[in-house]
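Reminder, nothing fancy here: chain letters follow the sequence lines and each chain counts from 1. Predicted model only: the values in this text are computed from it and were never measured.
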There are 2 protein chains.
Amino acid sequence: MGVGRYAELVGPLEADQARQLLKALADPVRLQVVQALASGERCVCDLTGDLDLAQSKLSFHLKVMREAGLIEARVEGRWIYYRLRRDALDGLQGWLGELAAGCSEPAAPCG
Amino acid sequence: MGVGRYAELVGPLEADQARQLLKALADPVRLQVVQALASGERCVCDLTGDLDLAQSKLSFHLKVMREAGLIEARVEGRWIYYRLRRDALDGLQGWLGELAAGCSEPAAPCG
DNA sequence: TTGTTAGATCAACTTCAGTTGATCTATGGT
DNA sequence: ACCATAGATCAACTGAAGTTGATCTAACAA
């Protein structure tokens, strides 16, 4: 089922990990899912109903998010619950913070 | 030239603004550019050289980033300097923080 | 004014990500 | 054992996003 395959996300985020997470967030359907998960864990069947998405479509997007390390799954009998990964969100926040830190330096004139 | 067309980015980020910014970040070429700009403002000609990108390719990606509100341009004679927008990075950080806030709620069992 | 350079823009092409419907697997109920 | 349901997976299709080379415009230098 592949539900156990996660990105690692230990220590400070590498550019490539950040990119995977950003990509996992930067899609309208996935953003809906993220917002649904923002208030806590949800099972797939609820998501399908609430967001009015075709089952295979939702499953595809959950996979993208899972493989990026943005969400994780908990299997309970016949149902699967998904939730956002705090470490991913925190990691991305930190990564953005680093970018913001030095971005106001003036340019060396190039002419 | 279109260099003056920016996204607004006042107040808390709307989902759609966040998505544009995320998309602007979630590309390998653009991520290179972002990292080059992380240490401060740079002119396009420097970027082209340092990142070894075709001129039209870089210009395309700068446009995407500009229209998303991720970067802004400063025209100086024949040269154009780009820099990351603090408000965009801060806004995105805040947006992520909101997501992280409630994401650990347990699921309502759906069976 | 002519020539050169920086960088935006355009059109044609290519590539990859998302969609759809069908099928497959596992779990639980009868 | 049989059936129903949750959700993953697959193959075919579609469309949007990125690439490439050419052209266009504006600024400066001679």
Side-chain angles (χ1 to χ4, degrees), chain A residues 1-6 19-34 36-37 41-68 70-83 107 109-111, chain B residues 1-6 19-34 36-37 41-68 70-83 107 109-111:
Chain A
M1 199 192 292
V3 154
R5 241 153 62 246
Y6 295 135
R19 214 191 74 234
Q20 298 300 336
L21 290 172
L22 292 164
K23 204 173 117 190
L25 287 164
D27 172 276
V29 172
R30 294 195 288 266
L31 204 45
Q32 281 188 71
V33 174
V34 165
L37 295 180
E41 200 182 44
R42 302 291 299 279
C43 98
V44 178
C45 55
D46 281 356
L47 291 173
T48 316
D50 291 1
L51 305 178
D52 192 32
L53 293 172
Q55 185 268 318
S56 70
K57 188 172 178 176
L58 176 58
S59 196
F60 167 79
H61 287 290
L62 288 172
K63 184 179 187 182
V64 172
M65 298 165 83
R66 211 192 316 125
E67 291 183 345
L70 179 62
I71 60 176
E72 60 192 342
R74 180 172 63 85
V75 179
E76 191 169 318
R78 207 153 30 149
W79 294 281
I80 303 184
Y81 293 87
Y82 278 97
R83 81 193 93 120
C110 77
Chain B
M1 200 192 290
V3 154
R5 241 153 62 246
Y6 295 134
R19 215 191 75 235
Q20 299 300 336
L21 290 172
L22 292 163
K23 204 173 117 190
L25 287 164
D27 173 276
V29 172
R30 294 196 287 266
L31 204 45
Q32 281 188 72
V33 175
V34 165
L37 296 180
E41 201 181 44
R42 303 291 299 280
C43 97
V44 178
C45 55
D46 282 355
L47 290 173
T48 316
D50 292 1
L51 306 177
D52 192 32
L53 293 172
Q55 185 268 319
S56 69
K57 189 171 176 176
L58 176 59
S59 196
F60 166 79
H61 288 290
L62 288 172
K63 183 179 187 181
V64 172
M65 298 165 83
R66 212 192 315 126
E67 291 183 344
L70 179 62
I71 60 177
E72 60 192 343
R74 180 171 63 85
V75 180
E76 191 169 318
R78 206 157 26 153
W79 293 280
I80 302 184
Y81 293 86
Y82 278 97
R83 81 193 93 119
C110 78

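- Shortest non-hydrogen contact noted between A:Q20 and A:A68 is O-CB, 3.5 Å.
- For the pair B:Y82 and C:dA8, the criterion of a side-chain N or O lying under 4.0 Å from OP1 or OP2 is met.
- Here C:dC16 presents its C1' atom at 13 Å from CZ of A:R19, a figure rounded to the nearest Å.
- Between B:I80 atom CD1 and D:dT25 atom C1' the separation is 11 Å, expressed in whole Å.
- Taking CZ of B:R30 as the start and CZ of B:F60 as the end, the distance is 6.5 Å to the nearest 0.5 Å.
- To the nearest 0.5 Å, atoms CZ (B:R66) and CD1 (B:I71) are separated by 6.5 Å.
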(message) What does the B/S/- profile of nucleotides 11-20 of chain D look like, 5' to 3', with a 4.0 Å heavy-atom cutoff to protein?
(response) ------SBBB
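- Listed by residue number, there are no residues of residues 45-53 of chain B with a heavy-atom contact under 4.0 Å to DNA chain D.
- Annotation: the span from A:E72 atom CD to A:L37 atom CG amounts to 11.0 Å, rounded to 0.5 Å.
- Between the OH atom of A:Y81 and the P atom of D:dA8 there is a distance of 14 Å, given to the nearest Å.
- Under the side chain to side chain contact (heavy atoms under 4.5 Å, CB included) criterion, B:V44 pairs with B:T48, B:L58, B:L62, B:I80, B:Y82, not counting sequence neighbours.
- What separates CG of A:L62 from P of C:dG18 is a distance of 13 Å, to the nearest Å.
- Separating the CG atom of B:L58 from the P atom of C:dT9 is a distance of 13 Å, rounded to the nearest angstrom.
- How far CG of A:L47 is from NE2 of A:H61: 12.5 Å, rounded to the nearest 0.5 Å.
- For the pair B:R78 CZ and C:dA6 P, the interatomic distance rounds to 7 Å; values are reported in whole Å.
- Rounding to the nearest 0.5 Å places CZ of B:R74 at 10.0 Å from SG of B:C43.
- Set against D:dA27, D:dA22, D:dG7, the side chain of A:Q55 has D:dG7 as its closest nucleotide.
- If you measure from atom CH2 of A:W79 to atom C1' of C:dG28, you get 8 Å, rounded to the nearest angstrom.
- One interatomic measurement links the two molecules: CZ of A:R42 to P of D:dA6, which rounds to 15 Å at whole-angstrom precision.
- Heavy atoms only, all atoms of each residue included: A:D27 and B:R19 are closest at C-CD, 3.7 Å.
- Distance check, rounded to the nearest 0.5 Å: CG of A:L25 to CG of B:L21 gives 12.0 Å.
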